[in-house]
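Notes for the one structure printed next.
Values below: all heavy atoms of this structure, side chains included; hydrogens, waters and symmetry mates excluded.
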Amino acid sequence: MVCGGFACSKNALCALNVVYMLVGLLLIGVAAWAKGLGLVSSIHIIGGVIAVGVFLLLIAVAGLYMIILGLVFVFQFGISCSCLAINLSKQTDVINASWWVMSNKTRDELERSFDCCGLFNLTTLDQQDYAFCTAICKSRSPTCQMCGEKLLKHSDEALKILGGVGLFFSFTEILGVWLAMRFRNQKDPRANPSAFL
(Lines give C-alpha, C1' and ligand atoms only; values in the text may rest on other atoms or scores of the structure.)
Protein backbone atom coordinates (compact mmCIF):
# COMPACT_ATOMS: atom_id res chain seq x y z
CA MET A 1 0.00 0.00 0.00
CA VAL A 2 1.24 3.49 -0.81
CA CYS A 3 2.27 5.65 2.11
CA GLY A 4 0.10 8.72 2.05
CA GLY A 5 -3.11 6.76 1.81
CA PHE A 6 -5.75 6.16 4.42
CA ALA A 7 -3.85 3.49 6.37
CA CYS A 8 -0.64 5.53 6.46
CA SER A 9 -2.43 8.64 7.75
CA LYS A 10 -4.27 6.57 10.35
CA ASN A 11 -1.06 4.90 11.56
CA ALA A 12 0.81 8.22 11.66
CA LEU A 13 -1.96 9.77 13.77
CA CYS A 14 -1.91 6.76 16.12
CA ALA A 15 1.86 7.07 16.49
CA LEU A 16 1.56 10.80 17.20
CA ASN A 17 -1.13 10.01 19.80
CA VAL A 18 1.19 7.55 21.53
CA VAL A 19 4.06 10.06 21.51
CA TYR A 20 1.91 12.80 23.07
CA MET A 21 0.55 10.37 25.66
CA LEU A 22 4.10 9.37 26.63
CA VAL A 23 5.26 13.00 26.77
CA GLY A 24 2.24 13.88 28.95
CA LEU A 25 2.91 10.99 31.33
CA LEU A 26 6.62 11.87 31.38
CA LEU A 27 5.88 15.48 32.32
CA ILE A 28 3.55 14.42 35.13
CA GLY A 29 6.05 11.83 36.39
CA VAL A 30 9.05 14.17 36.31
CA ALA A 31 7.11 16.90 38.12
CA ALA A 32 6.01 14.46 40.83
CA TRP A 33 9.56 13.07 41.13
CA ALA A 34 11.08 16.57 41.42
CA LYS A 35 8.53 17.53 44.09
CA GLY A 36 9.13 14.27 45.99
CA LEU A 37 12.90 14.80 46.07
CA GLY A 38 12.54 18.47 46.91
CA LEU A 39 14.43 19.60 43.81
CA VAL A 40 11.81 22.23 43.03
CA SER A 41 10.17 24.02 45.92
CA SER A 42 7.78 26.23 43.95
CA ILE A 43 4.28 24.75 43.81
CA HIS A 44 3.48 27.03 40.85
CA ILE A 45 6.19 25.46 38.70
CA ILE A 46 5.15 21.92 39.66
CA GLY A 47 1.49 22.74 39.07
CA GLY A 48 2.27 24.26 35.67
CA VAL A 49 4.27 21.24 34.52
CA ILE A 50 1.54 18.84 35.71
CA ALA A 51 -1.12 20.95 33.98
CA VAL A 52 0.78 20.81 30.68
CA GLY A 53 1.14 17.02 31.06
CA VAL A 54 -2.58 16.58 31.76
CA PHE A 55 -3.40 18.87 28.82
CA LEU A 56 -1.25 16.78 26.47
CA LEU A 57 -2.90 13.60 27.75
CA LEU A 58 -6.34 15.06 27.10
CA ILE A 59 -5.35 16.06 23.58
CA ALA A 60 -4.01 12.57 22.88
CA VAL A 61 -7.04 10.79 24.35
CA ALA A 62 -9.68 13.06 22.81
CA GLY A 63 -7.90 13.42 19.48
CA LEU A 64 -8.96 17.04 19.04
CA TYR A 65 -5.88 17.83 16.98
CA MET A 66 -6.97 20.37 14.43
CA ILE A 67 -8.36 22.95 16.85
CA ILE A 68 -6.28 22.49 19.99
CA LEU A 69 -2.93 21.78 18.36
CA GLY A 70 -3.43 24.74 16.04
CA LEU A 71 -3.86 27.03 19.05
CA VAL A 72 -1.00 25.40 20.95
CA PHE A 73 1.23 25.87 17.88
CA VAL A 74 0.51 29.61 17.76
CA PHE A 75 1.33 30.13 21.45
CA GLN A 76 4.33 27.80 21.51
CA PHE A 77 5.80 29.25 18.32
CA GLY A 78 5.46 32.80 19.69
CA ILE A 79 7.00 31.94 23.05
CA SER A 80 9.85 29.98 21.43
CA CYS A 81 10.68 32.87 19.11
CA SER A 82 10.60 35.23 22.11
CA CYS A 83 13.01 32.98 24.03
CA LEU A 84 15.42 32.96 21.09
CA ALA A 85 15.13 36.71 20.44
CA ILE A 86 15.63 38.10 23.95
CA ASN A 87 18.98 39.89 24.20
CA LEU A 88 21.40 40.17 27.12
CA SER A 89 20.28 43.67 28.15
CA LYS A 90 16.67 42.48 28.57
CA GLN A 91 17.88 39.43 30.48
CA THR A 92 19.91 41.75 32.72
CA ASP A 93 16.83 43.86 33.37
CA VAL A 94 14.75 40.81 34.28
CA ILE A 95 17.44 39.38 36.57
CA ASN A 96 17.96 42.76 38.25
CA ALA A 97 14.23 43.26 38.82
CA SER A 98 13.68 39.76 40.18
CA TRP A 99 16.78 39.85 42.42
CA TRP A 100 15.38 42.68 44.53
CA VAL A 101 11.93 41.07 44.75
CA MET A 102 13.39 37.84 46.17
CA SER A 103 13.50 37.25 49.88
CA ASN A 104 16.86 37.34 51.65
CA LYS A 105 16.63 33.58 52.21
CA THR A 106 16.19 32.92 48.48
CA ARG A 107 19.12 35.21 47.64
CA ASP A 108 21.30 33.39 50.18
CA GLU A 109 20.34 30.02 48.69
CA LEU A 110 21.20 31.26 45.18
CA GLU A 111 24.53 32.68 46.35
CA ARG A 112 25.44 29.41 48.03
CA SER A 113 24.32 27.16 45.17
CA PHE A 114 26.05 29.26 42.46
CA ASP A 115 29.02 30.09 44.76
CA CYS A 116 28.82 33.82 44.06
CA CYS A 117 28.11 37.05 45.92
CA GLY A 118 25.96 40.06 45.10
CA LEU A 119 24.30 40.83 41.80
CA PHE A 120 26.18 43.26 39.54
CA ASN A 121 27.89 45.59 42.07
CA LEU A 122 26.37 48.66 40.44
CA THR A 123 24.71 50.36 43.40
CA THR A 124 25.23 50.71 47.11
CA LEU A 125 22.48 48.12 47.66
CA ASP A 126 24.55 45.63 45.65
CA GLN A 127 27.60 46.43 47.75
CA GLN A 128 25.62 45.91 50.97
CA ASP A 129 24.26 42.64 49.60
CA TYR A 130 27.83 41.59 48.78
CA ALA A 131 28.93 42.37 52.34
CA PHE A 132 26.32 40.00 53.85
CA CYS A 133 27.10 37.15 51.43
CA THR A 134 27.60 33.68 52.96
CA ALA A 135 28.89 31.83 49.88
CA ILE A 136 31.94 29.56 50.15
CA CYS A 137 33.96 31.62 47.65
CA LYS A 138 34.07 34.53 50.11
CA SER A 139 35.97 32.43 52.65
CA ARG A 140 38.52 31.36 50.03
CA SER A 141 39.29 34.80 48.60
CA PRO A 142 38.32 38.42 49.31
CA THR A 143 36.52 38.75 45.96
CA CYS A 144 33.89 36.45 44.52
CA GLN A 145 32.35 36.33 41.10
CA MET A 146 29.13 38.31 40.89
CA CYS A 147 25.89 36.29 40.76
CA GLY A 148 24.54 38.42 37.94
CA GLU A 149 27.25 37.17 35.59
CA LYS A 150 26.55 33.53 36.44
CA LEU A 151 22.78 34.01 36.22
CA LEU A 152 23.14 35.70 32.82
CA LYS A 153 25.23 32.81 31.53
CA HIS A 154 22.73 30.20 32.75
CA SER A 155 19.66 32.14 31.63
CA ASP A 156 21.09 32.68 28.15
CA GLU A 157 21.82 28.96 27.77
CA ALA A 158 18.40 27.99 29.16
CA LEU A 159 16.53 30.41 26.89
CA LYS A 160 18.34 29.09 23.81
CA ILE A 161 17.64 25.48 24.73
CA LEU A 162 13.99 26.18 25.61
CA GLY A 163 13.48 28.21 22.46
CA GLY A 164 15.06 25.57 20.22
CA VAL A 165 13.18 22.64 21.76
CA GLY A 166 9.91 24.59 21.75
CA LEU A 167 10.40 25.58 18.11
CA PHE A 168 11.12 21.98 17.12
CA PHE A 169 8.03 20.62 18.87
CA SER A 170 5.84 23.42 17.54
CA PHE A 171 6.49 22.10 14.03
CA THR A 172 5.52 18.57 15.11
CA GLU A 173 2.21 20.09 16.20
CA ILE A 174 1.70 21.50 12.72
CA LEU A 175 2.42 18.00 11.40
CA GLY A 176 -0.33 16.69 13.69
CA VAL A 177 -2.80 19.29 12.42
CA TRP A 178 -1.94 18.44 8.81
CA LEU A 179 -2.27 14.69 9.44
CA ALA A 180 -5.62 15.16 11.17
CA MET A 181 -6.96 17.29 8.31
CA ARG A 182 -5.69 14.81 5.74
CA PHE A 183 -7.10 11.81 7.60
CA ARG A 184 -10.45 13.50 8.04
CA ASN A 185 -10.81 14.16 4.31
CA GLN A 186 -9.74 10.71 3.08
CA LYS A 187 -12.03 7.85 2.17
CA ASP A 188 -11.74 4.55 3.98
CA PRO A 189 -11.13 1.97 1.25
CA ARG A 190 -12.94 -0.72 3.26
CA ALA A 191 -16.08 1.39 3.78
CA ASN A 192 -18.75 2.57 1.40
CA PRO A 193 -16.87 4.26 -1.47
CA SER A 194 -19.11 7.32 -1.44
CA ALA A 195 -18.87 7.89 2.35
CA PHE A 196 -16.43 10.34 3.89
CA LEU A 197 -15.21 10.20 7.48
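Around CD1 of I136, the count of heavy atoms belonging to other residues, nucleotides or ligands within 6.0 Å does not exceed 12.
With C116, the cysteine C147 has an SG gap short of 2.5 Å.
Tracing side-chain contacts under 4.5 Å through hydrophobic residues (I, L, V, M, F, W, Y), one reaches I161 starting from F168; they form part of the same cluster. The hydrophobic clustering, which links ILVMFWY residues whose side-chain heavy atoms are closer than 4.5 Å, places F114 and I95 together. By the rule that hydrophobic residues join a cluster once side-chain heavy atoms approach within less than 4.5 Å of another member, I79 and V23 end up as members of separate clusters. Hydrophobic clustering, with ILVMFWY side chains joined whenever heavy atoms are under 4.5 angstrom apart, groups I174 together with V74. By the criterion of side-chain heavy atoms lying less than 4.5 angstrom apart, applied directly or through intervening Ile, Leu, Val, Met, Phe, Trp or Tyr residues, V54 is grouped together with L25 in one hydrophobic cluster.
Side-chain atoms of V19 and T172, non-hydrogen and from C-beta on, never get closer than 4.5 Å to each other.
In this structure, M146 CE and C117 SG are separated by 8.0 Å, a value rounded to the nearest 0.5 Å. With values rounded to the nearest 0.5 angstrom, S89 atom OG is found 12.0 Å from N96 atom CG. Note that OG1 of T92 and CD of E149 are 10.5 Å apart. Values are rounded to the nearest 0.5 Å. With rounding to the nearest 0.5 Å, the separation of CG in L22 from CG in L57 is 9.5 Å.
In this structure, S80 contributes its side chain and L167 its backbone to a donor-acceptor pair below 3.5 Å.
When L88, I86, N87 are each tested for a side chain to side chain contact (heavy atoms under 4.5 Å, CB included) with D156, only one passes: L88.
In this structure, F171 and F73 have tilted ring planes: the angle between them lies in the 30° to 60° band.
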